[in-house]
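Comments concern the structure below.
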Amino acid sequence: MIDLALLRREPDDVKAALARRGISSSQIDEILVLDAEHRTAMQAAEALRSRVKDLSRQVGEARKSGDTRRADEVAAESRELGDEERRASEIADAVGERVRTLLLDLPNMPAAEVPDGLDETGNVELRQWWPGMDEGAPFPTYENHQRVPHWDIGAQLGLLDLETGAKLAGSMFPLFRGDGSRLVRALGAYALNQHADEYEEIRPPTFALTETMTSTGHLPKNQIEMYAIERDDLWAIPTAEVPLTSMRRGEIIDEADLPIKMTALTACFRREAGAAGRDTRGLLRVHEFDKVELFAYCTPEQAQSCFDDVLARAEGLLQDFGLPYRVLDLCAGDLGTSSARTFDLEVYSPGVDRWLEVSSISWFRDFQARRANVRYRPAGGSPTLVHTVNGSALAWSRIWAAIVETNRQSDGSVLIPPPLQAFFGGRTHLRSR
RNA sequence: GGAGGGAUGUCAGAGCGGCCGAAUGAUCCGGUCUUGAAAACCGGUGUGGGGCAACCCACCGUGGGUUCAAAUCCCACUCCCUCCGCCA
């Protein structure tokens, strides 16, 4: 949520920033008009309220001094004023609620450095990486044996059983088996181990209350994207960002504790309602996938370094696995609602011949923290909203696909990335049995 | 699932219809004392909103209700604790 005080103070700055995301200035003007209306109505109601309180006090005093008649008179007067106050408050509350609703609808302001553009065509590729690049090697060329889609490889080697997954939970719920399952486990475990030096490992609940989903901004807007367990008012989390962001909801954190860095491996659930029929093969787009998330609460001053750290760790994992990737600087129009700045990491996967998004790293400024009301107390100052930063490191289903396709050998086996071989008892290849 | 107890400020913990935004203690900040520190003592220390300001309003788990007046009474819900049952 954008700061209403900032909106009042610097309406033109906010308009200019949001115009980059295609938000019209009339939308902001509407809020400002309603806000002025709200304040007027509120003042009227509060003046009445103040009077009622004063009269009530007089009733108490009259009672105490035994003047029952005066007490009754004043009570009657107060009762009338009270009715009036109730009506005035209802009007003020209704307008205030409208302001809040409109404000919640506004996306975050893009950071100044965010490139212009209204959709993904405006994203800027910052760099690419591939194995051997530093030694001057060119971008890899791929052999025919690498041009096989992962679903075929998975079926050949008995690593991936999409049919059985569909039998159990419907299509787009993958079932990994044998070494395929072990690879999923190895990826998550390897990443958690890598992050353990600075990030506290968290194993949060897989489900979240409506209240929790709302405070991160995933509800009510993206309701259609979420799996719901209605009877218990629970939602399956679409990312560990949801529980992690809410862990300190409503709290005031000691400044000395910041930054608070956490990592979590969870299943992530997405209905992909808006993407029906797109990328439905294999693991490109699935309803459930494992992901390791990195998350930080921090001060505004720490935000840049936290962001850089998450990015470096996500890239580091891709380099450990030897997967070519590119870094995209998302343009203003392609930013997620809550984000002020986002870098996406895309891995090149030769079997499907596509760049696959495997990480999204975002700096939210205080946008999320305002909703979740997470603050810290700066030295000698009053409570201030924290900044939040998070990013995937990484989303495993697509990494799984990229590894299997990239590392496929001419004999049909798949080379296990060396850092993961320890999880396979030292074996170097996945082979059919 | 059954029975009971509870939810109050950064924390602990009083209050159970009328200057209660809230005792007391801890924390933290400032001061006195001290060569310095500790201790002791004195003073200050919630959040949010409105108003140029004086000041006003809201907030005692959440949402309703009663009343001239609610942290305090009533109803519903949520969460926590204890005991019993059931169960990984």
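Quick note on labels: first sequence line is chain A, next is B, and so on, each numbered from 1.
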Taking the same atom, [atom1], in [N] and in [M], what whole-Å distance lies between them?
N      : M      : atom1 : value
C59(B) : A71(B) : P     : 7 Å
C81(B) : C68(B) : P     : 41 Å
C20(B) : G5(B)  : P     : 30 Å
G21(B) : C16(B) : P     : 15 Å
C60(B) : C11(B) : P     : 15 Å
A70(B) : G2(B)  : C1'   : 33 Å
A12(B) : U66(B) : C1'   : 34 Å
G13(B) : G4(B)  : C1'   : 22 Å

Cut-off 3.5 Å, side chains only: do [X] and [Y] have a donor facing an acceptor?
X       : Y       : value
T428(A) : R431(A) : no
D344(A) : S360(A) : yes
S89(A)  : E85(A)  : yes

Note to self: Between F321(A) and Y190(A), does the ring-ring contact (aromatic ring centres under 6.0 Å, His included) criterion hold? Intermediate values first, please.
What the structure shows: CA-CA 11 Å; F321(A) 304 146; Y190(A) 177 76; 5.6 Å; yes
Checklist line | Residue from D257(A), T388(A), L244(A) passing side-chain contact (heavy atoms from CB on, under 4.5 Å) with Y297(A) | finding: T388(A)
Check: With Y376(A), which of L385(A), D254(A), T384(A) fulfils side-chain contact (heavy atoms from CB on, under 4.5 Å)?
Finding: T384(A)
Check: On the ring face of F423(A), is R185(A) found with NZ or CZ under 6.0 Å from the centre and within 45° of the axis?
Finding: no
Notebook entry, point to check: Under 3.5 Å, is there a donor-acceptor pair between the side chain of S181(A) and the main chain of G178(A)?
Noted result: no
Item checked: Test item: S56(A) side-chain N/O and V52(A) main-chain N/O as donor-acceptor pair under 3.5 Å -> yes
Item checked: Between U10(B) (P) and D257(A) (CG): distance, integer Å -> 15 Å
Notebook entry, point to check: Taking 4.0 angstrom as the limit, do R87(A) and D83(A) come out as a salt bridge?
Noted result: no
Notebook entry, point to check: Looking at D309(A) and R313(A), does any basic side-chain N land under 4.0 Å from a carboxylate oxygen?
Noted result: yes
Notebook entry, point to check: In residues 82-107 of chain A, what residues come within less than 4.0 Å of RNA chain B, judged by heavy atoms?
Noted result: none
Checklist line | Geometric class of the H287(A)/Y227(A) ring pair [parallel <30°, tilted 30-60°, perpendicular >60°] | finding: perpendicular
Which pairs, protein N/O on one side and nucleotides 17-23 of chain B N/O on the other, fall under 3.5 Å?
{"from": "G18(B)", "atom 1": "O6", "to": "R63(A)", "atom 2": "NH1", "distance (Å)": "2.9"}
{"from": "G18(B)", "atom 1": "N2", "to": "S56(A)", "atom 2": "O", "distance (Å)": "2.6"}

Give every donor-acceptor pair under 3.5 Å between a side-chain atom in residues 400-408 of chain A and any protein atom, sequence neighbours left out.
{"from": "W400(A)", "atom 1": "NE1", "to": "G180(A)", "atom 2": "O", "distance (Å)": "3.0"}
{"from": "E405(A)", "atom 1": "OE1", "to": "S349(A)", "atom 2": "OG", "distance (Å)": "2.7"}
{"from": "E405(A)", "atom 1": "OE1", "to": "G351(A)", "atom 2": "N", "distance (Å)": "2.7"}
{"from": "E405(A)", "atom 1": "OE1", "to": "V352(A)", "atom 2": "N", "distance (Å)": "3.1"}
{"from": "E405(A)", "atom 1": "OE2", "to": "H150(A)", "atom 2": "N", "distance (Å)": "2.8"}
{"from": "E405(A)", "atom 1": "OE2", "to": "H150(A)", "atom 2": "ND1", "distance (Å)": "2.8"}
{"from": "T406(A)", "atom 1": "OG1", "to": "A402(A)", "atom 2": "O", "distance (Å)": "2.6"}
{"from": "N407(A)", "atom 1": "ND2", "to": "L415(A)", "atom 2": "O", "distance (Å)": "2.9"}
{"from": "R408(A)", "atom 1": "NH1", "to": "H145(A)", "atom 2": "O", "distance (Å)": "3.0"}
{"from": "R408(A)", "atom 1": "NH2", "to": "Q156(A)", "atom 2": "OE1", "distance (Å)": "3.1"}

Next item on the list: Indicate for each nucleotide in nucleotides 47-53 of chain B, in 5' to 3' sequence, whether protein heavy atoms under 4.0 Å reach the base (B), only the sugar-phosphate (S), or nothing (-).
Entry: SSBSS--
Under 3.5 Å, which N/O atoms of the protein pair with N/O atoms of nucleotides 60-63 of chain B?
none

Next item on the list: Tell me the stems RNA chain B sits in, counting at least three consecutive Watson-Crick or G-U wobble pairs, each under 3.5 Å on both distances.
Entry: B:1-7 with B:78-84, B:10-12 with B:24-26, B:28-32 with B:40-44, B:46-50 with B:55-59, B:61-65 with B:73-77
Next item on the list: Measure across A111(A) and W363(A) and return the closest heavy-atom pair with its distance rounded to 0.1 Å.
Entry: CB-CZ3, 3.9 Å
